Structure formats: C-alpha cells, structure tokens
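Structure record follows, encoded as structure tokens.
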There are 2 protein chains.
Amino acid sequence: MYKNPSVMAMDFEGVLIPEIWIAVAEKTGIEELYLTTREVPDYEALMNGRLRILKENNITLMDIQNVIGTVEPLNGASDFLSWARKKTQVIILTDSFYEFVKPFMPRLEYPTIFCNSLEIDEKGTITGYHLRQKDGKRKAVIALKNIGFEVISIGDSYNDATMLSTADYGILYRPSEKVVQDFPQFKVCDNYGDLRKYIEDYLSSDE
Amino acid sequence: MYKNPSVMAMDFEGVLIPEIWIAVAEKTGIEELYLTTREVPDYEALMNGRLRILKENNITLMDIQNVIGTVEPLNGASDFLSWARKKTQVIILTDSFYEFVKPFMPRLEYPTIFCNSLEIDEKGTITGYHLRQKDGKRKAVIALKNIGFEVISIGDSYNDATMLSTADYGILYRPSEKVVQDFPQFKVCDNYGDLRKYIEDYLSSDE
C-alpha cells in the first residue's frame with residue numbers, strides 16, 4: 001500500500017540547541033531574560049518584554065551574537081540530526097530568528113531551517129521582530145501535509161503543541177513536567193537514542 | 001521595510017545532476033530512454049513508457065541504482081549548493097524518486113529534497129510510481145509562499161515552467177533553445193557563476 005513520504009518537522013531550541021535567551025540571561029545576569037515559552041506561553045508578550053530589557057540595558061544584536069557564538073548544540077544533537085537527514089527529509093521549525101540561529105548552522109552542516117526575522121536599527125539595537133505568520137510552526141506542518149507528506153514533529157514546549165497536534169506523529173523531547181501533564185497525548189522521550197528508536201519504529205511501520 | 005525571508009526552490013536533474021534517464025540510456029544502449037521532459041512534456045506518458053521499457057528489458061531498480069552510483073553531480077554543482085545553503089534556505093524540488101536520488105545525497109551533504117516514490121515488486125522490478133500530487137513543484141512553491149516566504153526558483157525544462165511562474169523570481173538554468181523560446185519571461189543563465197550573481201542581486205535588492 002502506498003504511504004506518503006515523510007518529513008520531520010522539528011523544533012530547534014530545547015531540542016537541538018540550548019535556549020538562546022537563557023544563555024543571554026546567564027551571560028548578562030539579567031534575571032528577567034530567563035523566562036522562555038516554557039513559562040510564558042504568550043510569545044508576543046514574552047518577546048516584547050525581552051526587547052524592552054535589551055534596550056534598557058543597551059544590549060545590541062552583536063552582543064547577543066557574541067553570546068550565541070559561545071553556545072554549543074546540545075550533546076549528541078549534531079549526530080542525531082545527521083542520522084535523521086539520512087533517514088528522511090528534515091526541516092527545522094523555530095520561532096527564533098535567522099540572525100540568532102546563524103552561528104549554529106556550520107556546526108550542524110546547514111540543515112534547512114524556517115525562522116522569523118529581526119528588525120535592527122543603524123546602531124545595531126534590535127527594534128522589533130517579524131513573524132512570518134501567527135502560529136507559524138503549525139502552519140508549516142499543514143503546508144507539508146497539503147503537498148503530500150506524512151509529518152513527524154518533535155518539540156519541547158507550549159509553542160510546539162499545535163505543531164505536534166497537527167503532525168501525523170508528535171513527540172515531546174525533554175519537556176518540562178508541566179508540559180507533559182498538559183499534553184498527555186504525545187509520546188515523550190528524554191534522549192536522542194530513544195528519539196531515534198521512536199522515529200525508526202514509526203517509519204518502518206509505514207511500510 | 002520588512003520583506004519576507006527567502007527560500008530557493010530548485011530543480012535537481014539538469015540543474016545539479018545530469019539527467020538520470022539519459023545516463024541509464026547510455027549505459028543500456030536503449031534509444032527510447034533518451035527521451036526526457038525536455039522532449040515529452042507529458043510526464044505521465046513519459047514515465048509509463050520508461051517503466052514498460054525497463055520491464056521488457058528486465059532492468060531492475062538495483063540495475064538503475066548501479067548506474068546512478070557512477071554518475072557525478074554536474075561540475076561545480078556541489079560548490080554552488082553549499083554557497084546557496086549559506087545564503088538562504090534551499091529545498092530541491094524534483095519529479096524524480098527518492099530511490100533514484102539517494103546515491104547523490106552524501107556527495108551533496110544531504111540537502112532537503114522533495115521527491116516522488118517508486119513501487120517495487122519482490123523481484124526488484126519497478127512496477128509503478130506515485131506522485132505526491134499533480135504539478136507538485138508548483139504546489140510546493142505555493143505552499144512556501146503561503147507560509148510567508150519569498151521564493152526564488154531555478155529549473156531547466158518544461159516541467160519547471162509552472163514552478164518558475166509561481167515563484168517570486170524564476171531562473172532557467174541551461175535550458176534548451178526551445179524552452180527559452182517558449183518561456184521568454186524568465187531570466188536565463190548557463191553557468192553557476194552567473195546564477196550566483198542573479199541570486200545575490202535579487203537577495204540584496206530585497207533589503
């Protein structure tokens with residue numbers, strides 16, 4: 001029986017790399033920057049707060065890129081991604097920004113990644129951000145399904161829930177306990193070995 | 001002013017690798033296999049003819065994969081693709097099949113590629129094929145535009161025309177003279193250096 005070919009639509013921060021804003025919080029010592037979508041599900045409120053704090057502290061894009069340059073992908077992430085790209089087609093879906101993810105790309109061998117964009121003024125201050133669309137991860141999954149793909153989706157937090165629900169198969173990777181409680185319908189795993197196994201089992205059950 | 005981020009949706013055969021069926025024709029000496037979508041725009045008629053010929057000549061998937069294993073990407077293709085993946089997001093859109101393109105993937109560092117699928121019987125004979133959808137390249141471009149991307153598209157032949165028309169910027173790469181005559185609206189170029197320049201100019205004009 002014919003089954004649609006698969007695409008893996010996976011989140012970036014928390015799944016392949018650490019949370020960028022937490023790294024910035026650690027480096028700058030600004031407590032408020034520790035908040036992520038794990039704690040504040042309203043992304044717009046979270047982002048506007050972050051930009052206000054950066055402005056107040058005169059932190060530029062270059063300062064943040066310098067921090068990001070010191071952050072390594074999660075242990076095993078690069079190997080997992082290489083494995084996945086041999087097994088199926090992979091598209092990383094993130095609410096983060098091209099300007100932030102760029103330093104990671106060479107270390108991950110230039111995967112395809114769909115991001116949002118920042119607005120920068122002439123002094124290098126981040127003055128705003130543009131989402132490609134609202135609920136962009138979910139809409140990307142819908143688009144992939146509409147062009148004939150079966151979609152496996154991996155995420156870790158609240159902003160991944162609609163993407164995981166929309167996918168044919170949704171997996172939570174290292175979610176907080178609260179996320180697990182709120183979304184009991186998703187498979188959960190906490191290491192790349194198990195994640196490979198879940199994906200492998202799912203792909204081979206397709207045949 | 002905000003502009004949508006870009007995705008490059010590019011054809012595979014004739015743009016990054018030689019025509020697979022021509023390689024098979026050369027290796028097997030079967031004249032009829034020299035026909036491609038350049039000569040026969042009706043893809044379904046073309047494919048059904050090819051499968052009939054393979055069956056008549058007892059050529060299996062493994063025979064074809066052995067031929068493909070000897071075919072190199074076009075001269076400069078790998079460098080061009082690496083360059084493009086640093087500049088923007090790249091998705092290869094091809095009417096070919098996962099089973100055929102597989103040997104090229106390691107040599108091109110596992111780009112994201114959207115293909116169709118073959119149906120194989122227990123003897124390894126190709127008994128059929130499945131298109132993800134009709135006019136799949138164009139629909140993939142529409143899907144990318146709908147999720148907030150500006151799409152640059154590159155192709156060489158008739159089966160790329162609707163994709164190029166739908167994209168925000170369409171470029172014909174090494175097309176036949178007939179294709180150039182039939183589609184005078186597209187930019188045309190015949191080497192990767194010019195192709196880079198066209199893309200670079202287009203991307204920088206976006207800002």
Side-chain angles (χ1 to χ4, degrees), chain A residues 1-9 81-94 97-99 101-102 105-106 108-120 127-150 163 206-207, chain B residues 1-9 81-94 97-99 101-102 105-106 108-120 127-150 163 206-207:
Chain A
M1 199 194 73
Y2 174 67
K3 295 278 283 186
N4 285 344
S6 61
V7 167
M8 210 170 94
L81 192 58
S82 297
W83 172 85
R85 288 163 72 178
K86 285 171 193 161
K87 279 278 159 192
T88 182
Q89 300 306 308
V90 177
I91 296 181
I92 299 172
L93 302 179
T94 176
F97 306 95
Y98 286 110
E99 294 82 355
V101 306
K102 207 173 174 180
M105 294 300 104
L108 297 172
E109 296 170 50
Y110 295 93
T112 300
I113 184 164
F114 291 175
C115 304
N116 294 306
S117 310
L118 292 173
E119 202 177 80
I120 317 289
T127 52
Y129 66 97
H130 295 280
L131 302 185
R132 288 200 327 280
Q133 50 188 174
K134 288 231 174 199
D135 206 9
K137 295 184 186 189
R138 183 177 70 89
K139 284 174 187 156
V141 169
I142 293 171
L144 289 166
K145 289 177 81 171
N146 283 345
I147 60 169
F149 286 107
E150 180 146 295
M163 162 175 85
D206 282 357
E207 285 160 15
Chain B
M1 199 194 71
Y2 175 66
K3 294 278 284 186
N4 285 343
S6 61
V7 167
M8 211 170 95
L81 191 58
S82 295
W83 172 85
R85 287 163 72 179
K86 285 171 192 162
K87 279 277 159 195
T88 182
Q89 300 306 306
V90 177
I91 296 181
I92 299 172
L93 302 178
T94 175
F97 305 96
Y98 286 109
E99 294 82 356
V101 305
K102 207 174 174 178
M105 293 303 103
L108 296 172
E109 297 170 49
Y110 296 94
T112 300
I113 184 164
F114 291 175
C115 304
N116 294 307
S117 310
L118 292 173
E119 201 177 81
I120 317 291
T127 52
Y129 67 97
H130 294 282
L131 302 185
R132 287 201 328 280
Q133 50 186 174
K134 288 232 175 198
D135 206 8
K137 294 184 187 190
R138 183 177 70 88
K139 284 174 188 158
V141 169
I142 293 171
L144 290 166
K145 289 177 81 170
N146 283 344
I147 60 169
F149 286 107
E150 179 147 294
M163 163 175 83
D206 282 358
E207 287 161 9

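Side chains are part of it too, since the values below use all heavy atoms of this structure and drop only hydrogens, waters and symmetry mates. Fair warning: this is a prediction, and the values are worked out from it, not measured in the lab. Just so it is clear: chains get the letters A, B, ... in the order the sequence lines come, proteins before strands, and each one is counted from 1.
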Notebook entry, point to check: Which residues pass the side-chain hydrogen bond (donor to acceptor under 3.5 Å, both in side chains) test with A:Glu119, sequence neighbours left out?
Noted result: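 Applying side-chain hydrogen bond (donor to acceptor under 3.5 Å, both in side chains) to A:Glu119 gives A:Thr127, A:His130.
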
Check: Quick one: side-chain hydrogen bond (donor to acceptor under 3.5 Å, both in side chains) partners of B:Thr112, sequence neighbours excluded?
Finding: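 B:Thr112: side-chain hydrogen bond (donor to acceptor under 3.5 Å, both in side chains) contacts with A:Thr112.
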
Check: Relative to chain B, which segment of A:Pro106 carries a heavy atom at a distance below 4.5 Å: side chain, backbone, both, or neither?
Finding: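 Nothing of A:Pro106, per the 4.5 Å heavy-atom cut-off to chain B.
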
Margin query: Quick check on A:Ile142 against chain B: is it the side chain, the backbone, both or neither that has a heavy atom closer than 4.5 Å?
Written below: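 Interface part for A:Ile142: neither.
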
Notebook entry, point to check: Any idea which of B:Ile113, B:Leu144, B:Thr88 has the most non-hydrogen atom pairs under 4.5 angstrom with chain A?
Noted result: B:Ile113

Notebook entry, point to check: A:Gly148 and B:Arg132: which non-hydrogen atoms are nearest, and at how many Å?
Noted result: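 Smallest interatomic distance, heavy atoms only, reads O-CD, 3.6 Å.
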
Next item on the list: Can you see which heavy atom on A:Ala143 is nearest to which on B:Ala143, and at what distance?
Entry: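 Minimum heavy-atom contact is CB-CB, 4.1 Å.
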
Check: Between A:Lys86, A:Met105, A:Lys102, which shows the greatest number of heavy-atom pairs under 4.5 Å with chain B?
Finding: A:Lys86

Checklist line | Atom group of B:Glu109 that falls short of 4.5 Å from chain A, counting heavy atoms | finding: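 The backbone, not the side chain.
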
[X] versus [Y]: any side-chain heavy-atom pair under 4.5 Å?
X	Y	value
B:Phe114	A:Val7	yes
B:Ile147	A:Gln133	yes
B:Asn146	A:Asn146	no

Next item on the list: Any chance you could measure A:Lys3, atom NZ, to B:Ser117, atom OG, to the nearest 0.5 Å?
Entry: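 It is 12.5 Å, given to the nearest 0.5 Å.
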
